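The next block holds one structure in the form of structure tokens; read it before the comments.
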There are 2 protein chains.
Amino acid sequence: MKSQDHHYAVIFASTLLPQSDEGAAYEKMAHAMAKLAATMPGYLGHVSARDAQGFGITVSYWKSEEAILNWKHHVDHTVARDQGRERWYADYKVEITRIERAYQWKRDEE
Amino acid sequence: MKSQDHHYAVIFASTLLPQSDEGAAYEKMAHAMAKLAATMPGYLGHVSARDAQGFGITVSYWKSEEAILNWKHHVDHTVARDQGRERWYADYKVEITRIERAYQWKRDEE
């Protein structure tokens, strides 16, 4: 995927509650949502990192704001969000952004 | 900081080389850069998460594209970037984005 195909990036930053027995259930939901998102029209990919303290950032890439709204309102996503608020999240923040420019660097394999 | 103050977000996603003896040196550099960025005009904050596999995402927030360019070209930042390429990064990607809208959720403290 070339960077110029990235029209919009959605930044999702979240803190999980310190309930380690819920970790597997959360991971299962997150994995299911990532799989589902990948089937949505206009989905371009995502990256995700969560640290040992339970703070994580996921960035998903979309072709249009319409695609982002479709994903936001998908019924399974809505159910997962409600469950997340009840069981897993201490807080989260969502930012819908438009990518103005991008560049990347990769180590040469010698 | 209110979300409407976030005009631009810079997404920095990087993978560290698997050199655990370099971890402390990398952390020291990253900490110094975060401190320096906070002194730059137009800086609004940042969040960061890195997982156990060495993949990390940092999002920094800026008032303007000019502020982002000033930071990009700061001499100490340039030195750190060169050092990062030599010693720590397997790859990285930078995306300069404009925040279109944002919302957040926080658990009620009862």
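Bear in mind that the values here come from a model prediction, so they are computed numbers and not experimental data. We name chains A, B, ... by the order of the sequence lines, and we start the count at 1 in each one.
Closest heavy-atom contact between A:Tyr61 and B:Lys93: OH-NZ, 3.3 Å. Among all heavy-atom pairs drawn from B:Leu36 and B:His74, the shortest one is CD2-CE1, 3.6 Å.
Of the residues considered (B:Arg101, B:Glu65, B:Glu100), B:Arg101 shows the highest number of contacts with chain A, using heavy-atom pairs under 4.5 Å. Heavy-atom pairs under 4.5 Å with chain B were tallied for A:Thr15, A:Ile11, A:Thr58; the largest tally goes to A:Ile11. Interface remark: of the candidates A:Val59, A:Asp51, A:Ile96, A:Ile96 forms the most heavy-atom pairs closer than 4.5 Å to chain B.
Looking at A:Ser48, only its backbone comes within 4.5 Å of chain B, counting heavy atoms on both sides. In this structure, the portion of B:Arg50 lying under 4.5 Å from any heavy atom of chain A is its backbone and not its side chain. Only the backbone of B:Ala90 comes within contact range of chain A, judged by heavy atoms closer than 4.5 Å.
Checked against a 6.0 Å centroid threshold, the rings of B:Tyr8 and B:Trp62 do not count as neighbours.
Side-chain contact check for B:Leu44 versus B:Lys63: some heavy-atom pair is nearer than 4.5 Å.
Between A:Phe12 and A:Tyr92, the angle of the ring planes lies from 30° to 60°, which puts this pair in the tilted group.
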